[in-house]
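These notes concern the structure reproduced below.
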Amino acid sequence: MLKTSEFSHNLLAWYHLNQRSLPWRKTRDPYKIWLSEVMLQQTQVITAIPYFEKFITKYPDIDSLAAADEEALLKDWEGLGYYNRIRNFQAAVKEVKEHYGSVVPDDPEVFFKLKGVGPYIGGAVQSIAFNHLIAAVDGNVLRVMSRLDADDREMTKPSVQKTVKERVETLIPLEAGDFNQALMELGATICTPRAPKCIICPVRQHCEAYQENRVSELPVKKKAKKKSEYYYNVYFILNGKNEILLQKQEGTLLQGMYELPRFDVDTSLETIEESLGIEVHHKGEHIGSVSHVFTHKKWFMEGYILYTRDIHPEFIKLEDVGNLPMSRAMQKLYHLFEAMGG
DNA sequence: CACGCGTGGAC
DNA sequence: TGTCCAAGCGT
């Protein structure tokens, strides 16, 4: 069914005709390609581009990124999500600076061991920057391959993804980077999740699902789990000196981002005072309510003002709050506070 | 392996 | 206050 050389030729011809390569990839600058792949993880191209421009201006090379302050990096990453990505990227970049003379390794064995480099990013950087014959299997490629081979296995399973990667690597011609980008581009523009444009697909004659009229059934996905819901009271604690109490988020969710003190709705005022080491002398008004959806949970937050006279190291000048990295969830509430003249 | 991890856009 | 998903990775 699938004639390998003909398939690859048709795909590459289509790709070169459309010339939709991301502009920085044409430079073959391994650092730029790597940074962009990190940003593009689970993130749409249109969303990542302004962040990429900012980072490449502010941190144009390995050494400048390695030397950056972590909190400054988080602030620049603010709004992009999956905040561990930038921490992992800096850790990897520091490793490259210290052990490889600030030169991105042109060696898959070495590169794949770096923090935050998995099968996709490793394959993408090594193929696009150095033309190593390695597949870059992302969500687009999984979808394309499931249809091309009428493969009805669960594409989310790591074991299946491994075999898909091996399958793609049997198809890669000499121009590995272009081929990987072409396959992703096909998935992003033609072989889309909904309403795929099979009629203009350059490889439809090689597509088993198309021939069997089964494109709409593929890829097979299991339905998403329901998100668990959390209800919080969030406090704007003011000390009468134009300062507000903020805390650095701990744990795994939003680690390192600043947040307003947040408590389960049934937490008593006494517990809150004790936990924060302050004494509330006056309860202020209700700021409003905000909800926020994460990948696997939902937050429902009510905002309230509290007043204290206490001095406390975690109070921040109101004018400085904007310089700290803060999640979208907290920004939503904070904007309500600002709109009230807070 | 299954799950946790952000956010915004398209329906 | 819905669903799906996006150039995935760490644990």
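We use all heavy atoms of the structure for the numbers below, so side chains are in, but hydrogens, waters and symmetry mates are not. Lettering follows sequence order; numbering is per chain, from 1.
- Side-chain heavy atoms closer than 4.5 Å link hydrophobic residues (I, L, V, M, F, W, Y) into clusters, and following such links, even through other members, never connects A/Y304 to A/F236.
- Spacing of P atoms, C/dA7 relative to B/dC11, comes out at 14 Å, to the nearest Å.
- Taking only side-chain nitrogens and oxygens, A/R85 never comes nearer than 4.0 Å to OP1 or OP2 of C/dG10.
- With sequence neighbours left out, the salt bridge (Lys or Arg N to Asp or Glu O under 4.0 Å) criterion links A/E78 to A/K75.
- Hydrophobic clustering (side-chain heavy atoms under 4.5 Å, transitive across Ile, Leu, Val, Met, Phe, Trp, Tyr) groups A/F179 together with A/V203.
- A salt bridge does not link A/D149 to A/R214: none of the charged nitrogens lies less than 4.0 Å from a carboxylate oxygen.
- If you take CG of A/L142 and P of C/dC9, they are 11 Å apart, rounded to a whole angstrom.
- Between A/E70 and A/R87 there is a salt bridge, with a side-chain nitrogen of the basic residue lying less than 4.0 Å from a carboxylate oxygen of the acidic one.
- A search for side-chain hydrogen bond (donor to acceptor under 3.5 Å, both in side chains) contacts involving A/T308 returns A/D310, not counting sequence neighbours.
- The phosphate of C/dC9 has neither OP1 nor OP2 within less than 4.0 Å of any side-chain N or O from A/Q41.
- For B/dC5 and C/dC5, the C1' atoms lie 15 Å apart once the distance is rounded to whole Å.
- Ion pairing between A/E212 and A/R147 fails under the 4.0 Å rule for side-chain N and carboxylate O.
- We find that CH2 of A/W34 is positioned 17 Å from C1' of C/dA7, with the value rounded to whole Å.
- Note on A/S159: only backbone sugar-phosphate atoms sit closer than 4.0 angstrom, heavy atoms only; bases stay farther off.
- With the 3.5 Å cutoff on both pairing distances, Watson-Crick and G-U pairs in DNA chain B assemble into runs of at least 3 at B:2-5 with C:8-11, B:7-11 with C:2-6.
- Per the geometry, CD1 belonging to A/I128 stands 13 Å off P belonging to C/dA7, to the nearest Å.
- With hydrogens and angles left out, the side-chain atoms of A/E208 and A/Y210 include no donor and acceptor closer than 3.5 Å.
- Nucleotides B/dC1 and C/dT11, compared at atom C1', are 11 Å apart to the nearest Å.
- Geometrically, A/K283 does not engage A/Y307 in a cation-pi contact, judged by NZ or CZ lying under 6.0 Å from the ring centre and within 45° of the ring axis.
- Within 4.0 Å of A/T252, counting heavy atoms only, lie sugar-phosphate atoms of the nucleic acid but no base atom.
- For the pair A/D151 (side chain) and A/R153 (backbone), a donor-acceptor distance under 3.5 Å is present.
- Rounded to whole angstrom, the span from the CZ atom of A/R194 across to the C1' atom of C/dA6 amounts to 11 Å.
- Counting non-hydrogen atoms under 4.0 angstrom, A/G79 reaches the backbone sugars and phosphates but no base.
- Atom pair A/I49:CD1 and C/dA6:P shows a separation of 17 Å (rounding to whole Å applied).
- Rounded to whole angstrom, the span from the CG atom of A/N140 across to the P atom of C/dA6 amounts to 6 Å.
- Considering only residues two or more places apart in sequence or on other chains, A/Y232 meets the ring pair (Phe, Tyr, Trp, His ring centres under 6.0 Å) condition with A/W299.
- Salt bridge absent: A/K94 and A/E98 never bring a charged side-chain N and a carboxylate O closer than 4.0 Å.
- Here the C1' atom of nucleotide C/dA7 and the CE atom of A/M184 are 5 Å apart, to the nearest Å.
- Straight-line distance from the CD1 atom of A/I86 to the C1' atom of C/dG8: 16 Å, rounded to whole Å.
- Each of A/S291 and A/K221 was matched to the nucleotide of DNA chain C holding its nearest heavy atom; the match closer to the 5' end belongs to A/S291.
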(request) Before giving the answer on side-chain contact (heavy atoms from CB on, under 4.5 Å), spell out for A/I237 and A/E314 the whole-Å C-alpha distance, their side-chain angles and the decisive distance to 0.1 Å. (result) CA-CA 11 Å; A/I237 303 174; A/E314 291 182 325; over 6 Å; no
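- Across the interface with DNA chain B, nearest-nucleotide mapping of A/T43 and A/I46 shows A/T43 to be the residue nearer the 5′ end.
- A/R87 comes within 4.0 angstrom of nothing in the nucleic acid, heavy atoms only.
- Residues from residues 109-120 of chain A lying near DNA chain C, meaning a heavy-atom separation below 4.0 Å, are A/K115, A/G116, A/V117, A/G118, A/P119, A/Y120 in numerical order.
- Among the heavy atoms of the strands, none lies under 4.0 Å from A/T47.
- Residue-level contact check: A/K223 touches neither bases nor backbone, having no heavy atom under 4.0 Å from any strand.
- Here the side chain of A/I121 is nearest to one of C/dG8, C/dC4, C/dA7, namely C/dG8.
- The span of DNA chain B lying next to chain A, judged by atoms under 4.0 Å from heavy atoms, is bounded 5' to 3' by B/dC1 to B/dA10.
- Heavy-atom nearest nucleotides on DNA chain C were determined for A/K298 and for A/V45, and the one closer to the 5' end corresponds to A/K298.
- Nearest-nucleotide positions on DNA chain B for A/K225 and A/A329 put A/K225 closer to the 5' end.
- Proximity of the aromatic rings of A/H296 and A/F294 is defined here by a centroid distance below 6.0 angstrom, and this criterion is not met.
- Distance from the side chain of A/N88 is smallest to C/dG10 among C/dC5, C/dG8, C/dG10.
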